[in-house]
**Q** 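Handing you this structure, nothing more for now.
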Amino acid sequence: MVVGDVEREFSLPVKIREGHLYLSEFYDPSRRQYDGNRLIHEIDARFGSDHEKTLGLFNVDLYIPILTYIFGQAYLGGRSGIASIYRLNNELYGIKADEKIYLDRIRKEVIHELGHTFGLIHCRNSACVMRSSTYVEDIDQKDAELCAQCKAAVGGYIEKMRE
């Protein structure tokens, strides 16, 4: 389901590959979280390709030094990004599980981080999937699609890649 949405949004095929990392080396015991900066670097080094975009999907709590937590991050206009599903489920917030909301949040975060790899920055359009999300409620309030301006920018980026 998410794969089809990503393919439609970027008009490119999606390949799922499984890779394995020992996450313990990215764990910071003082924060009880995983270092997103080190993890994205490792994903890019081990799995990144100059001919495709790579997104590592994890179920651990991520952080970067300047933020308490992150849902994901990506190299702007780069090859790779990461996203975590850890903070996307309702149960973490003491709310009844909802599979539809959970999958919708995953879809939005995957598209958002891949958008960064295509050179998109955070969008001011409140409905655009590229709008910044600090809290899970922010994710819920935006659409799972790129706005017209971001869609056009991605199209231009993809055309340059094909040249």
Side-chain angles (χ1 to χ4, degrees), residues 1-7 9-10 14-124 126 128-144 146 150:
M1 184 160 118
V2 173
V3 169
D5 294 324
V6 172
E7 286 179 332
E9 201 57 36
F10 295 104
V14 172
K15 293 185 281 184
I16 295 178
R17 289 187 302 175
E18 192 170 314
H20 297 280
L21 291 177
Y22 291 104
L23 293 180
S24 59
E25 64 187 82
F26 304 97
Y27 185 71
D28 183 335
S30 67
R31 292 185 66 139
R32 292 184 287 177
Q33 292 175 295
Y34 294 80
D35 186 332
N37 288 335
R38 291 183 52 227
L39 194 53
I40 192 173
H41 177 76
E42 188 69 13
I43 289 297
D44 190 59
R46 289 187 55 189
F47 303 104
S49 165
D50 290 335
H51 307 291
E52 59 192 16
K53 303 297 183 183
T54 300
L55 185 79
L57 191 59
F58 299 92
N59 188 18
V60 296
D61 198 13
L62 300 174
Y63 79 94
I64 58 175
I66 62 169
L67 294 174
T68 306
Y69 64 88
I70 58 172
F71 297 114
Q73 68 177 351
Y75 290 124
L76 187 63
R79 308 181 316 173
S80 306
I82 58 173
S84 173
I85 63 173
Y86 180 82
R87 290 182 177 264
L88 300 181
N89 64 51
N90 278 350
E91 297 96 306
L92 185 68
Y93 306 99
I95 303 169
K96 181 180 161 213
D98 187 319
E99 190 72 13
K100 181 185 178 314
I101 290 173
Y102 181 60
L103 288 173
D104 199 42
R105 290 172 181 162
I106 293 170
R107 174 184 307 107
K108 291 173 186 180
E109 281 308 303
V110 167
I111 293 170
H112 180 95
E113 297 308 335
L114 286 170
H116 286 316
T117 68
F118 285 105
L120 296 179
I121 59 172
H122 287 147
C123 184
R124 292 185 180 187
S126 62
C128 183
V129 74
M130 290 308 298
R131 189 172 130 239
S132 179
S133 297
T134 303
Y135 306 104
V136 74
E137 294 87 356
D138 298 331
I139 299 169
D140 294 340
Q141 292 174 2
K142 61 186 178 180
D143 294 336
L146 299 166
C150 288

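Residue indices begin at 1 and follow the sequence shown.
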**Q** More than 12 heavy atoms of other residues, nucleotides or ligands under 6.0 Å from CD1 of I121: is that the case?
**A** no
**Q** Between F47 and R17, is there a cation-pi geometry (under 6.0 Å to ring centre, at most 45° from the normal)?
**A** no
**Q** Is there a side-chain contact between Y93 and E137 in this structure, where contact means two heavy atoms from C-beta onward sitting under 4.5 Å apart?
**A** no
**Q** Can a salt bridge be assigned to the pair K142 and D138 using a cut-off of 4.0 Å between side-chain N and carboxylate O?
**A** no
**Q** Which pair of non-hydrogen atoms, one from R79 and one from D50, has the smallest distance, and what is that distance?
**A** CD-OD1, 3.0 Å
**Q** On a heavy-atom basis, which atom in L62 and which in A83 lie closest, and how many Å separate them?
**A** CD1-C, 4.4 Å
**Q** Looking at every heavy atom in both D44 and S80, which two are closest together, and how far apart are they?
**A** OD1-OG, 2.7 Å
**Q** Which is it for D61 and R87 under the salt bridge (charged side-chain N to carboxylate O under 4.0 Å, His left out) test, yes or no, and what are the steps along the way?
**A** CA-CA 7 Å; D61 198 13; R87 290 182 177 264; 2.6 Å; yes
**Q** Per the side chain to side chain contact (heavy atoms under 4.5 Å, CB included) rule, which among D140, D98, N89 passes with R105?
**A** D140
**Q** So, for F71 and T134, which heavy atoms are closest and what is the spacing to 0.1 Å?
**A** CE1-O, 3.7 Å
**Q** Is the Y63-Y69 ring centre distance short of 6.0 angstrom?
**A** no
**Q** One pair to check against side chain to side chain donor-acceptor pair (under 3.5 Å): D28 and Q33. What are the steps and the verdict?
**A** CA-CA 6 Å; D28 183 335; Q33 292 175 295; over 6 Å; no
**Q** Grab the two heavy atoms, one from D104 and one from A144, that are nearest each other, plus how far apart they are.
**A** OD1-CB, 4.4 Å
**Q** Taking the side chain as every heavy atom from C-beta outward, state whether H112 and H122 have any pair of such atoms under 4.5 Å apart.
**A** yes
**Q** Hey, are the side chains of F58 and Y86 touching, using non-hydrogen atoms and a 4.5 Å cut-off?
**A** no
**Q** Would you call Y102 and N90 a side-chain contact if the rule is heavy atoms closer than 4.5 Å?
**A** no
**Q** Of all the heavy-atom pairs spanning F26 and L21, show the shortest one and how long it is.
**A** CE1-CD1, 4.5 Å
